[in-house]
Participant: 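I have a structure I would like to understand better, so I am pasting it below and will then ask my questions one at a time.
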Number of protein chains: 2
Amino acid sequence: MSIYLRNYLSNSWQSEAHVANTLTDPVTGETLATTGGAAENLDAGFAFARSHGSTALQAMTYGQRAAMLGDIHKVLQANRDAYYEIALANSGTTKADSAVDIEGGAYTLGYYAKIGAALGDAKTLLDGSAAVMSKDQLFQSQHILAPIRGVALFINAFNFPSWGLWEKAAPALLSGVPVVIKPATVTAWLTHRMVADVIAAGILPAGALSIVCGSSAGLLDALQPFDVVSFTGSADTAATIRSHAAITRHSVRANIEADSLNASILGEDAAPGTPAFDLYATELVREMTTKSGQRCTAIRRALVPEKYFDAIAEAVSAKLASVSVGNPRNAEVRMGSLVSREQFDHVQAGIAKLKSEASVLYDGSKQALIDADPAIAACASPVLLGIRNADTASLVHDHEIFGPASTLLGYRDAAHAVSLAHRGMGSLVASVFSNDHGWLAQIGQQLAASHGRVHLVSPDVGKTQTGHGNVMPASIHGGPGRAGGGEELGGLRALGFYHRRSALQGSSATLSALASVAANWNT
Amino acid sequence: MSIYLRNYLSNSWQSEAHVANTLTDPVTGETLATTGGAAENLDAGFAFARSHGSTALQAMTYGQRAAMLGDIHKVLQANRDAYYEIALANSGTTKADSAVDIEGGAYTLGYYAKIGAALGDAKTLLDGSAAVMSKDQLFQSQHILAPIRGVALFINAFNFPSWGLWEKAAPALLSGVPVVIKPATVTAWLTHRMVADVIAAGILPAGALSIVCGSSAGLLDALQPFDVVSFTGSADTAATIRSHAAITRHSVRANIEADSLNASILGEDAAPGTPAFDLYATELVREMTTKSGQRCTAIRRALVPEKYFDAIAEAVSAKLASVSVGNPRNAEVRMGSLVSREQFDHVQAGIAKLKSEASVLYDGSKQALIDADPAIAACASPVLLGIRNADTASLVHDHEIFGPASTLLGYRDAAHAVSLAHRGMGSLVASVFSNDHGWLAQIGQQLAASHGRVHLVSPDVGKTQTGHGNVMPASIHGGPGRAGGGEELGGLRALGFYHRRSALQGSSATLSALASVAANWNT
């Protein structure tokens, strides 16, 4: 039995249309759900969100909107069993991997409910303090952030149907900006179910949350100058979005998160036997296998001192050998399926491509899948590739394998490691493992210009560090260049995308009247 | 005698090429200077700026770079007489109007030299304080701003050959980012002369400052992922820039300042005879006539209560009647020329277009030009248009006349005034004149979402307020939607465009090592 995923626009569920897409179980191939094609009445839906959703949300204070996020969080908690069932069926993930998406989304919602509550009764945010502009001190300039007067359109990726929605929607709704979510079709079911639960709970005002499933046709055409669009996905689609008249002509703000060839660097001091060495090997395996490597932040390039190349290869291969792959319904399975057979084919093709310059250090595909038919299931086994002399390689810096594969690259010295990391031409995250705090701080600064996040692990935080690939709401998520140039999360920084900064110049008496109804944005 | 404006790239002046463009005196029609066409060796020039300019600049501290800005300021002061001569000849501006550009540029440089000095020995900026990420408080996230590893390309407008360069170059150079300036050809001479003076003074490291005159062909093709481009000009060219693969494919950051239909609102309380009424009339005349209205920030739409429509029309017309127009070499002349005969034709066509929905309240063209041939000179006289019932008009919210013209629009109540202001669909600035501080604060918040700057004038700051159209470096400059969505200046905020924000996650010991060599960005 499959369900049809209806669109929700203008405060009502649209009726079923001609089926255009099918969602399947990536392990069994079974049909789970269907969607229509191009959505109807998009312009009216977006207009309703602006006129009703925006107006109602912006009549509330930050504190009131934060309380709504808390209520949404409760709805998600109450329905979580259903979400795990959907994730298991539609994403083919183990319970631990489903949790990364489901609990990750709920945690981020809860985080914004909490920091939003601290903004209290304000309806405007102050950015910095007033600058004095006249000799008598009376004429001043105070920057503020005012919520944008438009809709936030999210075009999301298949790997995070829950977290991908809420990490964007939480700051948008907290800002008073209505949301239209277009999930990736292949895993749209979980997003759809969550949106339906939240709408049924009657928490949000009419027009605050809409969903379009199936085709994205017409969505960009519905955008107007004060709207924003946030996209997570391929560089090709990103280029199409950026070339649309909404962006080129009407200055619609676009936040893009695209490809990323994240690096992780083992410090020269982190010899085999030191704590940093062990932390590095453990982290690399975790990054390769969590969600079968289907995270934009996963480690694709493992940069290690040439002298430790063999030791790392050995340590990581030994750990990978214990990773069982197959049907996530079987309790013995540690790593489930990729999201689709199409992705499986992409991953295999990517590994084959990199083999032209890399050797295979570990190949998990020699182990049989558990409870899964290799001719049907999209289950990919972990593969560790290696290039001892990194200067001979180029594809590894350019081609992202979105699966459980990573490449070891030998480096000569710290400057060489940093230059190799930069060859990703802009990435979401780089991590560095060392026993030396001063060196970590120094390398961190050098990596910052081409990475949105730099994760520095020393043994004192070995147990408490939040993980190379985990995106925590307190830190920004995004990267320059190839990674798309976007920026999400980062605590209250996330609200910047949904507000417009403006300099209010006036008498200190005028600005005092303003400040009395505002909260501070800067953290 | 005319001079040829050579390009400066890769630390050397290129030889003269085939003449492709001519710069003229807009009052006399005389030829002043020439330029070549498409520049040669752009890729090499940009690569030199990245490898030499960027490296040398980023080896310095913020304090050292700020000192260089101070030295540039001195060079400009030493050569200012030559700049006034060039502006008089090439822009056709009176000394007072030339000062807006020349002294405005120098003031902005001096401002960044001063606030940059306060950053001292730092090489990195801290954005906010560290967020604690683990229960034991040890693992934390500190956001920093790291200078970008690329070139800043400026494609500038004809109306500010001096200020337009320095308001962008000061924050770029302070950030450690090399600059390539492409001035608008028609007034490129002043930019060229200033760049030549600074290069001759030997203040900047090789590759830090380059100039391309004549054609912009190939400039965007030379951009790479970590470069940025900042453009001021028409919405059409902005769309072309945004559609280029550098932006759509490689996430090159683009800052755009395009068209703007700035509004100025007279409060309902500001009856004839009150101080706010007089301040409003004076400001409107100043905005219409300064630089012959050739400022992106000038008042295009004057929103006044219907009941004061006639009184304002009368007060403004009386002031405009005393504005003498003609050759700026004559001391009797208060308003000089537009920048070119082409602009003159655009302005006349724009006035004719708006006359289809507006009546003429004052027409200065009935007065003869002083010392200027109306068949040759690009001297335009001030024109005040009027639409008593603003709801009948649409062109006035859509078509920017880049000259000494403005349109009075009657409004019914405050909500009507704000909705009319928003019909500009995103503007650089709106001003409001009232005797009531509380009301100004309230209207200011409502205008903020669609205006980059809101200028609130009450009688207590009547003498010290910095002017509706004057862009002060302490306040941001830019606006959403039609205005291009960009953001410049705003004190240290300007440095954000030339830095990349990154979240550094690590042990408090690691982050302490980082903080010891950094300064605070937030103001």
Side-chain angles (χ1 to χ4, degrees), chain A residues 124 128 131 133-134 136 138-139 141 144 146 148-149 225-226 239 242-243 247-251 253 425-426 437-438 440-441 444-445 448-449 451-456 458 460-461 464-466 472 474-476 480-481 484-485 487 491 500-507 509-510 513-514 522-523, chain B residues 124 128 131 133-134 136 138-139 141 144 146 148-149 225-226 239 242-243 247-251 253 425-426 437-438 440-441 444-445 448-449 451-456 458 460-461 464-466 472 474-476 480-481 484-485 490-491 500-507 509-510 513-514 522-523:
Chain A
T124 304
M133 309 255 279
S134 67
D136 66 2
L138 210 56
F139 192 69
S141 172
I144 70 167
I148 60 166
R149 299 154 35 82
F226 300 123
R242 280 216 178 97
S243 304
I247 284 88
T248 61
R249 278 271 155 201
H250 304 303
S251 307
R253 262 188 201 161
M425 296 310 281
H437 295 296
L440 284 170
Q445 277 181 276
H451 295 83
R453 184 161 59 85
V454 182
H455 187 73
L456 305 165
S458 45
D460 56 335
V461 294
T464 58
Q465 61 106 349
T466 51
M472 305 302 290
S475 294
I476 63 157
E487 204 175 273
R500 181 75 209 175
R501 184 185 273 126
S502 185
L504 264 65
Q505 300 178 167
S507 155
T510 301
L514 172 79
N522 307 100
T523 48
Chain B
T124 304
M133 308 256 280
S134 66
D136 65 2
L138 209 56
F139 192 70
S141 172
I144 70 166
I148 60 165
R149 300 154 36 82
F226 301 122
R242 280 215 177 98
S243 304
I247 284 86
T248 61
R249 278 271 156 200
H250 304 302
S251 308
R253 262 189 200 159
M425 295 309 281
H437 294 296
L440 284 171
Q445 277 181 274
H451 295 82
R453 184 161 59 86
V454 182
H455 188 73
L456 305 165
S458 45
D460 57 335
V461 294
T464 58
Q465 60 107 348
T466 51
M472 305 302 288
S475 294
I476 63 158
R500 181 75 209 176
R501 185 184 274 126
S502 185
L504 264 64
Q505 299 179 168
S507 156
T510 300
L514 172 80
N522 308 100
T523 48

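This structure is a prediction, so every number in the text was calculated from the model and none was measured. Reminder, nothing fancy here: chain letters follow the sequence lines and each chain counts from 1. Just so it is clear, the values below take in all heavy atoms, side chains as well, and ignore hydrogens, waters and symmetry mates.
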Participant: So which of Ile148(A), Thr124(A), Thr466(A) has the biggest tally of heavy-atom pairs under 4.5 Å with chain B?
Facilitator: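 Highest number of heavy-atom pairs under 4.5 Å: Thr466(A).
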Participant: Between Ala513(A), Gly491(A), Gly481(A), which shows the greatest number of heavy-atom pairs under 4.5 Å with chain B?
Facilitator: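 Top option by heavy-atom pairs under 4.5 Å: Gly481(A).
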Participant: Looking at Gln445(B), Arg453(B), Met133(B), which makes the most heavy-atom pairs under 4.5 Å with chain A?
Facilitator: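 Among Gln445(B), Arg453(B), Met133(B), the one with the most close pairs to chain A is Arg453(B).
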Participant: Among Gly490(B), Gly452(B), Ser458(B), Gly438(B), who wins on heavy-atom pairs under 4.5 Å with chain A?
Facilitator: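 Of Gly490(B), Gly452(B), Ser458(B), Gly438(B), Gly452(B) has the most heavy-atom pairs under 4.5 Å with chain A.
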Participant: Is Asp460(B) in contact with chain A via its backbone, its side chain, both, or neither, using a 4.5 Å heavy-atom distance?
Facilitator: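 Contact with chain A: backbone and side chain both.
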Participant: For the candidates Ala448(B), Ser243(B), Ala474(B), Gly506(B), which exhibits the highest count of non-hydrogen atom pairs separated by less than 4.5 Å from chain A?
Facilitator: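 Top option by heavy-atom pairs under 4.5 Å: Ala448(B).
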Participant: Work out which heavy atom in Val454(A) is nearest to a heavy atom in Ser502(B); give both atom names and the distance.
Facilitator: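 Smallest interatomic distance, heavy atoms only, reads CG2-OG, 3.7 Å.
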Participant: If I measure from the heavy atoms of chain B, does Ile476(A) come under 4.5 Å with its side chain, its backbone, both, or neither?
Facilitator: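 Both parts, heavy atoms under 4.5 Å.
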Participant: Looking at every non-hydrogen atom in both residues, tell me the closest pair between Val461(B) and Leu456(B) and how far apart they are.
Facilitator: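 Reported closest heavy-atom pair: CG2-O, 4.4 Å.
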Participant: What distance separates Arg501(B) CZ from Ile144(B) CD1, expressed to the nearest 0.5 Å?
Facilitator: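 It is 11.5 Å, given to the nearest 0.5 Å.
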Participant: Would you compute the distance between atom CG of Leu440(B) and atom OG1 of Thr510(A) and round it to the nearest 0.5 angstrom?
Facilitator: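 That separation rounds to 5.0 Å.
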Participant: If you tally heavy-atom pairs under 4.5 Å against chain B, which of His451(A), Met472(A), Arg253(A), His455(A) wins?
Facilitator: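 Top count of heavy-atom pairs under 4.5 Å with chain B: His455(A).
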Participant: For Leu138(B), is it the side chain, the backbone, both, or neither that has a heavy atom closer than 4.5 Å to a heavy atom of chain A?
Facilitator: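 The answer is both parts of Leu138(B).
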Participant: As an exercise: rank Ser475(B), Ala509(B), Gly484(B), Gly426(B) by heavy-atom pairs under 4.5 Å with chain A and give me the winner.
Facilitator: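 Option with the top pair count is Ser475(B).
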Participant: What are the two closest non-hydrogen atoms of Met425(A) and Phe226(B), and how far apart are they?
Facilitator: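 Closest approach of Met425(A) to Phe226(B), heavy atoms only: C-CZ, 3.5 Å.
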Participant: Let's test your reading of the structure: which of Arg500(A), His250(A), Glu487(A) forms the most heavy-atom pairs below 4.5 Å with chain B?
Facilitator: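 Maximum pair count with chain B is reached by Arg500(A).
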Participant: In terms of heavy-atom pairs under 4.5 Å, which option from Pro225(A), Ala146(A), Ala239(A), Ser141(A) contacts chain B the most?
Facilitator: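 The option with the most such pairs is Ala239(A).
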